[in-house]
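Please read these numbers as outputs of a predicted model, since none were measured by experiment.
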Amino acid sequence: LRFGLNGAIVATAVALLAFAWSYAAVPGNLDAKGYYELLFWGGGHVLQFTWTLLLLVAWLLLADAIGARVPISPRVATLLFGIGLGAVFATPLIFLAYDVASVEHHRLQTWLMRFGGGLAIAPVAAAVIWSLFQHRQTSPALDAQSRPLYAALVASIVLFGVGGLIGFAIHGSNVRIPAHYHGCIVGVTIAMMGVTYWLLPRLGFAAPLPRLATWQ
């Protein structure tokens, strides 16, 4: 998990580099819509690697917190985080190879996020889902403090998964695009909420009321 968190920091640094590079390279004579889309396109797609890595960390942490045994060793988890991080380093190559206003730059950043950023998600999600099924068979009753964590984990996986599948169905400019990123973004948000529930008592605060937190 520490490697995943450190990887998220590296991805954020590359995203900031991409934002600065775009700022320096985007022509200033474009209309506002085109200018800001190009300005944030590269760095925004890289920043999604940050959130993906944090999401995977959150899933594994929440599964462990409720007592589910995820069938992934620390070494394999580190490898999967490395795969999720590795694609980030193609970003400077894309900036060097193609102008930020080119169709190729636009398309490669999208492909990088769609395929490079998604490789590690499926095996981690599958392992966590398997651990949840196994855990419910052996321990059908969750304790009160685990129920919000379980609800957050399941809701996050389902919503992020639906958003990701919609992303692969995108062709052209239509409502599938906001449906895709809203599903994924809120999936990440719910996972972070679950981690917050887990963290509060460990930081010296009261745990949230289990029933209200679970419904939330």
Self-check item: Derivation and outcome, side-chain contact (heavy atoms from CB on, under 4.5 Å), residues Ile72 and Leu80
Solution: CA-CA 10 Å; Ile72 295 180; Leu80 292 172; 4.2 Å; yes
Quiz prompt | CA sep, side-chain torsions, deciding dist, call: Glu104, Ile94, side-chain contact (heavy atoms from CB on, under 4.5 Å) | solution = CA-CA 9 Å; Glu104 291 81 4; Ile94 295 174; over 6 Å; no
Practice problem: Check the pair Val154 / Leu132 against side-chain contact (heavy atoms from CB on, under 4.5 Å), numbers first and verdict last. | Solution: CA-CA 9 Å; Val154 171; Leu132 292 179; 4.1 Å; yes
Exercise. For side-chain contact (heavy atoms from CB on, under 4.5 Å), just list the numbers for Val70 and Asp64, CA-CA rounded to whole Å, side-chain angles, deciding distance to a tenth of an Å, and then say yes or no.
Key: CA-CA 7 Å; Val70 180; Asp64 181 73; over 6 Å; no
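Cluster annotation: Leu153 and Val158 are assigned to the same hydrophobic cluster (Ile/Leu/Val/Met/Phe/Trp/Tyr, side-chain heavy-atom contacts under 4.5 Å, transitive). When hydrophobic clusters are built by joining Ile, Leu, Val, Met, Phe, Trp and Tyr residues whose side-chain heavy atoms come closer than 4.5 Å, directly or via intermediates, Trp130 is not grouped with Val76. Leu93 and Ile83 are members of different hydrophobic clusters when ILVMFWY side chains are connected at heavy-atom separations under 4.5 Å. The hydrophobic cluster containing Trp51 does not contain Phe40, counting ILVMFWY residues as joined when their side-chain heavy atoms lie under 4.5 angstrom apart, directly or transitively. Tracing side-chain contacts under 4.5 Å through hydrophobic residues (I, L, V, M, F, W, Y), one never reaches Val100 starting from Val103; they form parts of separate clusters.
Taking both residues in full, the closest heavy atoms of Tyr197 and Pro148 are given as CD1-CB, 3.9 Å, listed atom of the first, atom of the second, then distance. Nearest heavy-atom pair across Met192 and Leu54 is CE-O, 3.6 Å. The minimum heavy-atom distance between Ala11 and Leu85, with the atom names listed, is N-CD1, 4.2 Å. Taking all atoms of both residues into account, the shortest heavy-atom contact from Pro123 to Leu119 is CD-O, 3.2 Å. Taking all atoms of both residues into account, the shortest heavy-atom contact from Gly194 to Ala152 is CA-CB, 3.6 Å. Nearest heavy-atom pair across Gln145 and Pro208 is OE1-O, 4.2 Å.
Atom CD1 in Ile190 sits 12.5 Å away from atom CD1 in Ile185 (nearest 0.5 Å). A distance of 6.5 Å separates CG of Leu199 from OG1 of Thr196, quoted to the nearest 0.5 Å. To the nearest 0.5 Å, atom CZ of residue Phe160 and atom CG of residue Leu165 are 10.5 Å apart. Atom CG of Leu1 is separated from atom CG of Leu60 by 6.0 Å, given to the nearest 0.5 angstrom. To the nearest 0.5 Å, the span separating OH on Tyr35 from CG on Leu30 amounts to 9.0 Å. From Leu38, atom CG reaches atom NZ of Lys33 across 11.5 Å, with rounding to the nearest 0.5 Å.
Not one N or O on the side chain of Ser156 forms a donor-acceptor pair closer than 3.5 Å with the backbone of Val188. Side-chain N or O atoms of Ser22 include none that pairs as donor or acceptor with a backbone N or O of Phe19 at under 3.5 Å. Side-chain N or O atoms of Ser131 include none that pairs as donor or acceptor with a backbone N or O of Ala68 at under 3.5 Å. Side-chain atoms of Arg147 do not come within 3.5 Å of backbone N or O of Arg211 as any donor-acceptor pair. At distances below 3.5 Å, at least one donor-acceptor pair connects side-chain atoms of His135 with backbone N or O atoms of Ile66.
Annotation: ring pair (Phe, Tyr, Trp, His ring centres under 6.0 Å) contacts involving residues 73-105, sequence neighbours excluded, comprise Trp21-Phe95, Phe95-His105.
Remark: Thr214 engages no residue in a side chain to side chain donor-acceptor pair (under 3.5 Å) (not counting sequence neighbours).
With side-chain heavy atoms closer than 4.5 Å counting as contact, directly or through intermediates, the hydrophobic cluster containing Leu212 also holds Leu209.
Within 6.0 Å of atom CZ in Arg136, more than 12 heavy atoms from other residues, nucleotides or ligands are found, so the atom counts as buried in its surroundings. Counting heavy atoms of neighbouring residues, nucleotides and ligands inside a 6.0 Å radius, atom CZ of Arg202 exceeds 12 of them.
The aromatic rings of Trp41 and His106 lie parallel to each other, their planes meeting at an angle below 30°, with 60° marking the opposite boundary.
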